[in-house]
Amino acid sequence: MSFNKTFLLIILQGLHSMTVSQTWTFPKQIDALIGSCVVIPCSFTRARSSMSDDVVWYLYRKTSYPEVFNSRGNSETISAYRGRTSLVSAETMSCTLRINYVRSEDEAYYYPGIDTRSNAYREHRKTVRLLLREKPHDPVIQWSGEMIEGQPITITCKVEHTCQSNAPTIGWNKGGQHGNTNKSNFTGGGWTSVSELIYTPSSNDHNTQIVCSAVHHNGKISQSSTTLDIKSVEIYSNTLIFVVTGIIVLILFALVGCIYWRYGKCQEFLSYMRNCTKTSHSPDALYADLQKENISPEYDRLKPKVQDYLQVKETKIDELPKYENV
């Protein structure tokens with residue numbers, strides 16, 4: 001009995017491996033600029049090495065399988081896409097599709113496959129949505145830190161576009177050394193290129209505009225600008241000195257406050273002693289009648305400091321004359 005179960009399991013696994021074909025990886029949606037080109041990144045893995053490397057892209061329809069690209073030939077490709085579609089890479093396991101001269105009617109759902117029986121929609125219910133744009137995204141200009149006269153700084157301009165194989169040409173209105181340019185990476189729903197400018201600020205450029213422009217594959221231009229706030233070396237140095245001086249003054253105030261708090265009781269005691277009632281057996285005699293209980297617990301510590309200023313006569317409480325109410 002156990003043998004029959006094992007044999008049946010082997011047969012089922014064999015049938016499953018024959019029916020399971022490829023898996024495809026591609027985005028759920030991607031932007032496309034009208035009049036330009038769009039590149040849809042795609043890769044696949046095969047369940048068996050003997051499977052075909054052919055790639056077919058389909059336009060999604062509920063009851064039919066219209067082809068927009070077929071690596072075996074374009075005889076079955078619908079006329080609206082014929083001559084406008086191609087694979088970007090000749091590498092194995094790549095199904096990346098390029099559509100040239102994007103039109104408004106190209107906004108639709110697409111999916112790759114081998115044939116009508118083995119494709120991303122039939123086996124995995126996966127499609128990519130093409131979203132059309134009439135205008136390109138505005139570039140984004142960024143840098144970190146303050147601009148100080150004479151100190152080089154790296155400024156970046158990030159441009160979102162739709163076509164990796166024809167990335168936009170990025171330019172600046174300021175002079176400087178150009179760093180890495182036109183690195184196209186796919187992020188979210190589109191491609192991104194970045195241009196770096198190593199710029200040395202000058203006081204002559206203060207409050208002027210720095211502009212980054214991008215010329216796209218269809219000839220459309222997008223640009224962004226921002227105002228430069230350049231600190232002169234003299235102003236920056238004076239500001240730094242002012243800040244450091246302020247910090248030092250605050251520290252000194254804190255130290256004086258601590259000292260005043262620490263010796264405050266001593267100062268109060270000396271003030272009390274100077275204002276003490278003067279009594280004497282003779283007109284020039286000066287003495288103070290002190291009682292420990294009425295001064296403070298620090299009497300013994302403070303007494304030597306006071307003796308330099310006052311003639312102190314210590315009188316015990318029990319030796320004081322007794323007074324009666326009149």
Side-chain angles (χ1 to χ4, degrees), residues 14-133 161-168 182 184-186 189-191 216-220:
L15 291 174
H16 179 71
S17 63
M18 293 177 63
T19 57
V20 173
S21 59
Q22 299 176 173
T23 58
W24 293 267
T25 302
F26 51 90
K28 291 183 179 180
Q29 68 179 37
I30 188 171
D31 291 340
L33 183 62
I34 295 177
S36 182
C37 59
V38 61
V39 172
I40 306 174
C42 176
S43 62
F44 64 87
T45 57
R46 293 178 295 187
R48 302 185 307 277
S49 58
S50 59
M51 295 186 66
S52 173
D53 287 332
D54 293 334
V55 175
V56 181
W57 275 87
Y58 297 94
L59 179 65
Y60 172 75
R61 292 289 184 268
K62 288 184 178 180
T63 58
S64 61
Y65 297 89
E67 295 180 4
V68 300
F69 172 79
N70 192 324
S71 62
R72 293 184 290 268
N74 61 3
S75 59
E76 299 297 326
T77 303
I78 57 179
S79 59
Y81 292 87
R82 192 172 300 165
R84 293 198 299 128
T85 56
S86 61
L87 290 184
V88 172
S89 175
E91 298 178 359
T92 57
M93 307 296 184
S94 174
C95 49
T96 299
L97 178 70
R98 173 185 170 123
I99 304 176
N100 288 320
Y101 310 110
V102 175
R103 306 168 181 172
S104 58
E105 56 267 26
D106 292 339
E107 185 166 276
Y109 292 86
Y110 302 85
Y111 59 93
I114 299 174
D115 50 41
T116 57
R117 296 185 305 274
S118 177
N119 55 69
Y121 178 74
R122 181 169 183 175
E123 298 184 11
H124 308 289
R125 292 295 187 267
K126 292 176 60 177
T127 61
V128 54
R129 183 184 181 186
L130 205 62
L131 298 175
L132 298 188
R133 297 181 56 88
H161 59 96
T162 63
C163 195
Q164 176 200 27
S165 51
N166 284 93
N182 290 337
S184 292
N185 296 307
F186 187 81
W191 299 90
H216 295 262
H217 182 57
N218 62 351
K220 292 185 178 180

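Only a predicted model underlies this, so the values are computations on that prediction, with no experimental measurement involved. All residue numbers refer to positions in the sequence shown, counting from 1.
Within the 4.5 Å cutoff, the side chain of Arg103 has no heavy atoms near those of the Leu132 side chain. Within the 4.5 Å cutoff, side-chain heavy atoms of Pro41 are placed close to those of Trp191. Side-chain contact between Asp106 and Tyr101 is absent, with no heavy-atom pair separated by less than 4.5 Å. Side-chain contact between Trp57 and Val128 is present, with heavy atoms from C-beta onward closer than 4.5 Å.
Just one of Ile40, Leu97, Val39 meets the side-chain contact (heavy atoms from CB on, under 4.5 Å) condition when paired with Val88; it is Val39.
With sequence neighbours left out, the ring pair (Phe, Tyr, Trp, His ring centres under 6.0 Å) criterion links Tyr121 to Tyr60, Tyr111. Legend: residues meeting side-chain hydrogen bond (donor to acceptor under 3.5 Å, both in side chains) with Ser165, ordered by chain and number and at least two apart, are Arg98.
What you find for Ala32 and Val102 is that their closest heavy atoms are CB-CG1, 4.1 Å. Here the closest heavy-atom approach between residue His217 and residue Ser36 is recorded as CB-OG, 3.3 Å. Taking every heavy atom of both residues into account, Phe69 and Ser86 meet most closely at CE1-CA, 3.8 Å. Among all heavy-atom pairs drawn from Lys220 and Ile34, the shortest one is NZ-O, 4.1 Å. The two residues Thr25 and Lys126 make their nearest non-hydrogen contact at CA-NZ, 4.1 Å. When all heavy atoms of Thr116 and Arg122 are compared, the closest pair comes out as O-NH1, 3.2 Å.
Judged purely by atom type and a 3.5 angstrom limit, Thr162 uses its side chain to pair as donor or acceptor with the backbone of Cys37.
Distance check, rounded to the nearest 0.5 Å: OG of Ser94 to CZ of Phe44 gives 7.5 Å. The OH atom of Tyr58 sits 12.5 Å away from atom CD1 of Ile78, with the distance rounded to the nearest 0.5 Å. The CD1 atom of Ile114 sits 9.0 Å away from the CG atom of Asn119 when rounded to the nearest 0.5 Å. In this structure, the separation between CG on Asn100 and CZ on Arg84 is 8.0 Å, given to the nearest 0.5 Å. Interatomic distance, Gln164 CD to His161 NE2, rounded to the nearest 0.5 Å: 8.0 Å. Note: Leu59 CG to Thr127 OG1 = 11.0 Å, rounded to the nearest 0.5 Å.
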Check the pair Asp115, Tyr65 against side-chain contact (heavy atoms from CB on, under 4.5 Å), reporting the backbone distance first and the verdict last.
CA-CA 9 Å; Asp115 50 41; Tyr65 297 89; over 6 Å; no

